[in-house]
Asker: 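My questions all concern the structure below.
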Amino acid sequence: MTESSSPFSWAEARTWLAGLPDGGGLNLAHEAVDRHVAEGRGTRVALRLLGRDGSATAMTYGELAELTNRFAGVLTRLGVGPGDTVFVLSPRRALVHVAVLGALKARAVACPLFSAFGPEPIAQRLHIGQAAVVVTTAELYTRKLRAALAGLERLPLVLVEGDDAPEGTVALGPLLADADARYRIPETSPEDPALLHFTSGTTGLPKGALHVHEAVVTHAATGRLVLGLRDHDVYWCTADPGWVTGTSYGIVAPLVCGVTTVVDEADFDALRWYRILDEAQITVWYTAPTAIRMLMRAGPDAATGADLHRLRFAASVGEPLGADAVQWGRSALGIEFHDNWWQTETGGIMVANRPGVAVRDGSMGLPVPGITATLLRTEEDGTLCRGDDGHPIEVRDPAESGQLALQAPWPSMFRAYLGQPERYARCFEDGWYLTGDLVRRDTDGYLWFVSRVDDVIKTAGHLIGPFEVESVLNDHPAVAESAVYGVPDPVAGSVVHAAVVLRTGSGAPDAVLRSVLAHSRSLLGAAVAPRHFVVVDELPKTRSGKIMRRLLRARELGLPDGDLSTLEPSHA
Ligand code: ATP
Ligand code: MG
């Protein structure tokens, strides 16, 4: 469903960008950094860096341009360029921005990794991405990278921040100091590979999705039209650059839009977060349901004294944002959370509650300008249904759910799954990109998330999306969070089970569960309400904060957990 009344087109969005000087093509890092310097915005603050230790420093666009030039010069001197992949394993500090954008200037592919990963997931990704270089800190090298490299056949060059390099690595400090502060970006085609991102691994092993420089067109357009970024905004994206949100909307989109980005090195802490929103004077905030739920758990007192009135726009992505969370934001904080939807593969926001369009609580919004979306009828096992003409069947009934499909291509669409060409080809059908997510579309075109195709539960003839059941459970005052999944059953096919995290001080678990069961039966009916509950302290989540229902199912069946590489104790 496109905005037919909107004059927007991707061709128009391209004109918002500068392009490399002298018709040299399109380079993402030029649009994010150098262009602002060339247009007289070099003294504007690009990054406001908050350290774990309470420090706060600023870096201007001019300084970032110079540092990324030096870094690109270092890579070029080392013979690293087109066709090479530069991984970055760093805490959330300027090093990430410098290395990612510098690598893009040198036309290498950049891949930031989540610094909280252990050696195994790091090794897996370095292997799939055939790393040429890893940029890191001495501490992370010693603690994780060294072990990760032990099993690799092809060893990357390891560049370590600062002047002292552990054995087997090279110190970046002296190389940067020697490099020229000017750098001429070589001619770059919009189709040149730029960013490599791994999916969260919620449904299986993480896949490496490759994006090209042209993606910056989507980042610029959605930065403006979906996040509403404009001059003098102070913006905070809470996602780590190791996830696609943290790069596309933590690094690229805000810089392309020329705003100031706050980068917080520390992990989630409710009091700290409210303090940042207040003291850093954030005007636009992009976060995730898992974080919003943790703020809900922390209670309204945590926000006492924080002045949030400058916050003009707040958005959420990554998982469904239930209506209860939207309503909580409104009543407890006076913040309107705008849910939006996209994937690692789409490279940018595709569906959104955007500024100026009324939010429907619990809906992920409308397709963004430039994106045509539809629903395709899909079998329970995930295969597409076809009409007599052999083509997929579009779902038009608002009561019927279908697989969300996007008309290909768009600028930030992934161009490959690394090493898996057949899998990539299977994602496309009749000109549509198949997302693997089931949604419903109401009569006004708003999209409502139902389930991942892989998570649908078929029980006694009913098809149930876990999210609708979780939404009802989460509405119970004693439930902080829940996850619903199907467990095979000889009679019903599957039965619905639920794992719940209870709010502290909610009472004796047995009595509370009886009340939650009664609540869910009265709202969902006995056929859909969970048959069995377990109380857990924490839901199993990927490091990017997504609930891993497959793991709960596997645990209950006593099966091996499958890939645990993305599952480590904390999240957010
Ligand atoms: P994998 O593909 O490896 O299983 P993943 O799909 O979790 O991992 P991501 O690309 O990080 O990896 O996540 C995209 C998915 O997250 C979407 O396909 C969707 O299922 C879910 N998602 C993202 N935003 C929303 C949202 N606003 N509402 C509901 N679901 C969302
Ligand atoms: Mg996925």
Side-chain angles (χ1 to χ4, degrees), residues 199-205 289-290 318-320 322 362 375 377-385 395 399-404 434-440 448-476 479-502 513 516-536 538-542 545-564 566-567:
T199 62
S200 295
T202 312
T203 55
L205 279 175
T290 191
E319 286 201 295
L375 280 64
R377 191 167 293 157
T378 301
E379 305 273 9
E380 291 142 29
D381 66 0
T383 51
L384 278 188
C385 302
V395 172
E400 191 185 340
S401 58
Q403 182 171 183
L404 179 62
L434 310 175
T435 66
D437 283 350
L438 293 178
V439 299
R440 265 195 279 273
W448 300 75
F449 183 82
V450 173
S451 171
R452 290 166 185 269
V453 172
D454 291 1
D455 284 338
V456 173
I457 306 166
K458 186 170 185 201
T459 179
H462 301 275
L463 281 182
I464 298 171
F467 171 56
E468 63 178 312
V469 181
E470 289 159 11
S471 300
V472 167
L473 300 181
N474 294 347
D475 250 351
H476 188 283
V479 175
E481 250 189 323
S482 62
V484 165
Y485 49 98
V487 173
D489 177 87
V491 181
S494 281
V495 285
V496 181
H497 285 205
V500 291
V501 179
L502 297 179
L513 281 188
V516 174
L517 180 64
H519 165 85
S520 59
R521 284 207 171 143
S522 74
L523 289 168
L524 294 164
V528 177
R531 294 272 187 84
H532 176 76
F533 285 89
V534 283
V535 176
V536 293
E538 226 183 330
L539 296 175
K541 291 185 178 176
T542 62
K546 295 173 200 286
I547 299 172
M548 294 172 101
R549 297 178 185 82
R550 69 178 159 98
L551 208 74
L552 288 162
R553 195 181 309 128
R555 274 186 193 165
E556 212 158 298
L557 296 172
L559 297 173
D561 282 344
D563 171 47
L564 288 180
T566 48
L567 220 216

Asker: I'd like to know whether Ile457 forms a side-chain contact (heavy atoms from CB on, under 4.5 Å) with Val484, so could you lay out the CA-CA distance, the side-chain angles of the two residues, the decisive distance to 0.1 Å, and finally the verdict.
Answerer: CA-CA 9 Å; Ile457 306 166; Val484 165; 3.9 Å; yes
Asker: What residues, two or more places apart in sequence or in another chain, satisfy salt bridge (Lys or Arg N to Asp or Glu O under 4.0 Å) together with Arg440?
Answerer: none
Asker: Using 0.5 Å steps for rounding, measure from the OG1 atom of Thr378 to the CG atom of Asp437.
Answerer: 11.0 Å
Asker: Supply the atom-to-atom distance Leu524 CG to Ile464 CD1, rounded to the nearest 0.5 angstrom.
Answerer: 8.0 Å
Asker: How would you list, by chain and number, every residue that makes a side-chain contact (heavy atoms from CB on, under 4.5 Å) with Val395, sequence neighbours excluded?
Answerer: Leu375, Arg377, Glu400
Asker: Any idea which heavy atoms bring Pro530 and Leu517 closest together, and the distance?
Answerer: O-CD1, 3.5 Å
Asker: Considering only residues two or more places apart or on different chains, which pairs with a residue in residues 517-529 satisfy salt bridge (Lys or Arg N to Asp or Glu O under 4.0 Å)?
Answerer: none
Asker: Please, which pairs that meet side chain to side chain donor-acceptor pair (under 3.5 Å) have at least one residue in residues 459-473, sequence neighbours excluded?
Answerer: Glu470-Arg549
Asker: Only counting residues at least two apart or in another chain, list the ones meeting side-chain contact (heavy atoms from CB on, under 4.5 Å) with Leu513.
Answerer: Val500, Phe533, Val535
Asker: Using the side-chain contact (heavy atoms from CB on, under 4.5 Å) criterion, which residues pair with Asp475? Sequence neighbours excluded.
Answerer: Asp324, His519
Asker: Specify the closest pair of heavy atoms between Gly318 and Pro289, including all atoms of both residues, with the distance to one decimal.
Answerer: N-CD, 4.5 Å
Asker: How far does OG of Ser520 sit from CG of Leu473, to the nearest 0.5 angstrom?
Answerer: 5.5 Å
Asker: State which residues pass side chain to side chain donor-acceptor pair (under 3.5 Å) with Ser401; sequence neighbours excluded, sorted by chain then number.
Answerer: none
Asker: Measuring from atom OG of Ser200 to atom NZ of Lys541, what distance do you get when rounded to the nearest 0.5 angstrom?
Answerer: 12.5 Å
Asker: Please report the shortest heavy-atom distance between Pro488 and Leu557, naming the atom on each side.
Answerer: CD-CD1, 3.8 Å
Asker: Rounded to the nearest 0.5 Å, how far apart are OG1 of Thr290 and CG of Leu539?
Answerer: 8.5 Å
Asker: By salt bridge (Lys or Arg N to Asp or Glu O under 4.0 Å), which residues pair with Glu380, not counting sequence neighbours?
Answerer: Lys458
Asker: Taking Glu319's backbone N and O only, do any of them form a donor-acceptor pair with Lys546's side chain (distance below 3.5 Å, no angle check)?
Answerer: no
Asker: Do Arg553 side-chain atoms and Gly486 backbone N/O form a donor-acceptor pair below 3.5 Å?
Answerer: yes
Asker: Answer whether the closest heavy-atom distance between the side chains of Arg555 and Pro540 falls below 4.5 Å.
Answerer: yes
Asker: Holding to side chain to side chain donor-acceptor pair (under 3.5 Å), I want the full list of residues that pass it with Thr435, two or more places apart in sequence or in another chain.
Answerer: none
Asker: With a cut-off of 3.5 Å and sequence neighbours excluded, list every side-chain donor-acceptor pair involving residues 491-498.
Answerer:
| unit_1 | atom_1 | unit_2 | atom_2 | d |
| --- | --- | --- | --- | --- |
| His497 | ND1 | Glu556 | OE2 | 2.2 |

Asker: Working to the nearest 0.5 angstrom, can you tell me the gap between Arg550 CZ and Asp455 CG?
Answerer: 10.0 Å
Asker: Which pair of non-hydrogen atoms, one from Thr202 and one from Ile547, has the smallest distance, and what is that distance?
Answerer: CG2-O, 3.5 Å
Asker: If you take all heavy atoms of Pro320 and Phe449, which pair is closest and at what distance?
Answerer: CG-CD2, 3.6 Å
Asker: If I compare all heavy atoms of Ala483 with all of Leu552, which pair ends up nearest, and what's the gap?
Answerer: CB-CD1, 3.5 Å
